[in-house]
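Protein chains get the first letters and strands the later ones, always in sequence-line order, with residue 1 at the start of each.
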Protein chains: 2
Amino acid sequence: MEQRIERIKKQLHSQSYKLTPQREAVVRVLLEHEEDHLSAEDVYMLVKEKYPEIGLATVYRTLELLTELKIVDKINFGDGVSRYDLRKEGATHFHHHLVCLECGAVDEIQEDLLGDVEKIVEQRWKFDIKDHRLTFHGICHRCNGR
Amino acid sequence: MEQRIERIKKQLHSQSYKLTPQREAVVRVLLEHEEDHLSAEDVYMLVKEKYPEIGLATVYRTLELLTELKIVDKINFGDGVSRYDLRKEGATHFHHHLVCLECGAVDEIQEDLLGDVEKIVEQRWKFDIKDHRLTFHGICHRCNGR
DNA sequence: TATTGTTATGATAATCATTATCATTTGACA
DNA sequence: TGTCAAATGATAATGATTATCATAACAATA
């Protein structure tokens, strides 16, 4: 974890940004909750426990900056709230999500799986793909069979 | 078009809903702009030209109802505004989108292309898929090569 | 160490897409 | 025609997010 933070610091510095204590606190929370798909408000509440002076606007700004730098991925499930995930290091594509309609759980697929599809899209539609978002809604293995 | 409206009316009636003049006006606009990915505000402005008494809240409610009944698909591109598309009749899956980062144009892919991926997801993750959303961000054929 | 200039912050106001509220209207049915 | 429940329109309210502004913090330089 400390090494990850050090590397994020270097990423920020390489673009003339600073890793302020507030930004570090946000990164720590994201690292401690890598599986959780936190909203900005979630992040704020968690950071505030350890860094009470932080402002909500700062959390939003930090998440936005990290998203622009592709350190963080911003996810929309269409419910009016954005979610933020630390991007896995070295990840060359956005991971996919399985959203359970029963329990609301969100599982992740790290595998790309879209290689063939992207080839078809690039060739048939002449579309130069930079990023993709794939979300499945359905019933998860926990709720399945009930 | 009239036949499509008649069929939508039947769909509504089969669930004890009415096709009021306001709802019909909304459906007409959606039918006339099938390729356009209209926001609720877009729909409202277009409907108002022909049906000036309509209220914005009614447009929202109508779009929401049509979405629940799967007559309309609600799309999120992560920009804070929902878009609404009439679902193609008989469509068994949600179509995909190509969003151009340069000009903002949104193109559609009607083909599923996800058959193999879905098989893998259902078997490996034991996830019973009900719906999916796939969006590609990149450079469209019009902006490509500039 | 002090100074300077720029970035970043926190509190809070503002914005905007959307939903809730309420009085009234409308449509279906007997 | 009367009744009742659904639907409407206007507008207030909501909540996620962004803008604003005074101030703090930080890095570089003398």
### Query
Is the shortest distance from a Lys or Arg side-chain nitrogen in B:E32 or B:R28 to a carboxylate oxygen in the other one below 4.0 Å?
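Result for this pair is no, no salt bridge flagged.
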### Task
Answer yes when B:K74 and B:E64 have at least one side-chain N-carboxylate O distance shorter than 4.0 Å, and no when they do not.
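Answer for the salt bridge query: yes.
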Would you kindly give the [atom1]-to-[atom2] distance between [X] and [N], to the nearest whole Å?
{"X": "B:D42", "N": "C:dT18", "atom1": "CG", "atom2": "P", "answer": "10 Å"}
{"X": "B:E41", "N": "C:dT19", "atom1": "CD", "atom2": "P", "answer": "14 Å"}
{"X": "A:K74", "N": "D:dA16", "atom1": "NZ", "atom2": "P", "answer": "14 Å"}
{"X": "A:L63", "N": "D:dA16", "atom1": "CG", "atom2": "P", "answer": "14 Å"}
{"X": "B:E24", "N": "D:dA7", "atom1": "CD", "atom2": "P", "answer": "15 Å"}

### Task
Give every residue pair that meets the ring-ring contact (aromatic ring centres under 6.0 Å, His included) criterion with at least one member in residues 62-81 of chain A, sequence neighbours excluded.
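Checked against ring-ring contact (aromatic ring centres under 6.0 Å, His included) - neighbours excluded - the pairs reaching residues 62-81 of chain A are A:F77-A:H97.
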### Query
What ring-ring contact (aromatic ring centres under 6.0 Å, His included) pairs are there with at least one residue in residues 113-140 of chain B, not counting sequence neighbours?
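Of all non-adjacent pairs touching residues 113-140 of chain B, those that pass ring-ring contact (aromatic ring centres under 6.0 Å, His included) are B:H93-B:H132, B:H96-B:H132.
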Please tabulate the protein-to-nucleotide N/O contacts below 3.5 Å involving nucleotides 7-11 of chain C, giving atom names and distances.
from   : atom 1 : to    : atom 2 : distance (Å)
C:dA8  : OP1    : A:K18 : N      : 3.4
C:dA8  : OP1    : A:R23 : NH1    : 3.1
C:dA8  : O5'    : A:R23 : NH2    : 3.4
C:dT9  : OP1    : A:T20 : OG1    : 2.8
C:dT9  : O3'    : A:Q22 : NE2    : 3.1
C:dG10 : OP1    : A:E53 : O      : 3.1
C:dG10 : OP2    : A:G55 : N      : 3.1
C:dG10 : OP2    : A:T58 : OG1    : 2.4
C:dG10 : N7     : A:R61 : NH2    : 2.8
C:dG10 : O6     : A:R61 : NH1    : 3.4

### Summary
So, with a heavy-atom separation below 4.0 Å from DNA chain C, the residues of residues 75-83 of chain A are none
### Message
Within the structure provided, determine whether A:S39 and A:S82 are in side-chain contact (heavy-atom separation under 4.5 Å).
### Response
no
### Query
For atom OH of B:Y51, is the number of surrounding heavy atoms from other residues, nucleotides or ligands below 6.0 Å larger than 12?
yes
### Message
Counting only heavy atoms from other residues, nucleotides and ligands, does the tally under 6.0 Å from CG of B:D79 exceed 12?
### Response
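Enclosed: over 12 neighbouring heavy atoms sit under 6.0 Å from CG of B:D79.
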### Message
Between B:E24 and B:I5, does the side chain to side chain contact (heavy atoms under 4.5 Å, CB included) criterion hold? Intermediate values first, please.
### Response
CA-CA 8 Å; B:E24 183 175 329; B:I5 290 172; 4.2 Å; yes
Side-chain donor-acceptor contacts of residues 106-115 of chain A below 3.5 Å, not counting sequence neighbours, with atom names and distances?
from   : atom 1 : to     : atom 2 : distance (Å)
A:D107 : OD1    : A:R142 : NH2    : 3.3
A:D107 : OD2    : A:R142 : NH2    : 2.8
A:E108 : OE1    : A:Q110 : NE2    : 2.8
A:E108 : OE2    : A:H37  : NE2    : 2.8
A:E108 : OE2    : A:H95  : NE2    : 3.3
A:E111 : OE2    : B:R124 : NH1    : 3.2
A:D112 : OD1    : A:L114 : N      : 3.4

### Message
By the 4.0 Å heavy-atom rule, please label B:P21 as base, sugar-phosphate, or nothing.
### Response
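Counting heavy atoms under 4.0 Å across all strands, the contact made by B:P21 is with sugar-phosphate only.
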### D:dT18 OP1/OP2 closer than 4.0 Å to side-chain N/O of A:Y60
no
### Task
Compare every heavy atom of A:G55 with every heavy atom of A:Y44, then report the nearest pair and how far apart it is.
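Taking every non-hydrogen atom into account, CE1-C, 3.8 Å.
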### Task
Give me the one residue out of A:L65, A:V26, A:L86 that meets side-chain contact (heavy atoms from CB on, under 4.5 Å) with A:V72.
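Going through the options one by one, the only one that passes is A:L86.
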### Message
Stem list for DNA chain D, please, built from Watson-Crick and G-U wobble pairs under 3.5 Å and keeping only runs of at least 3.
### Response
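Output for stems: C:1-30 with D:1-30.
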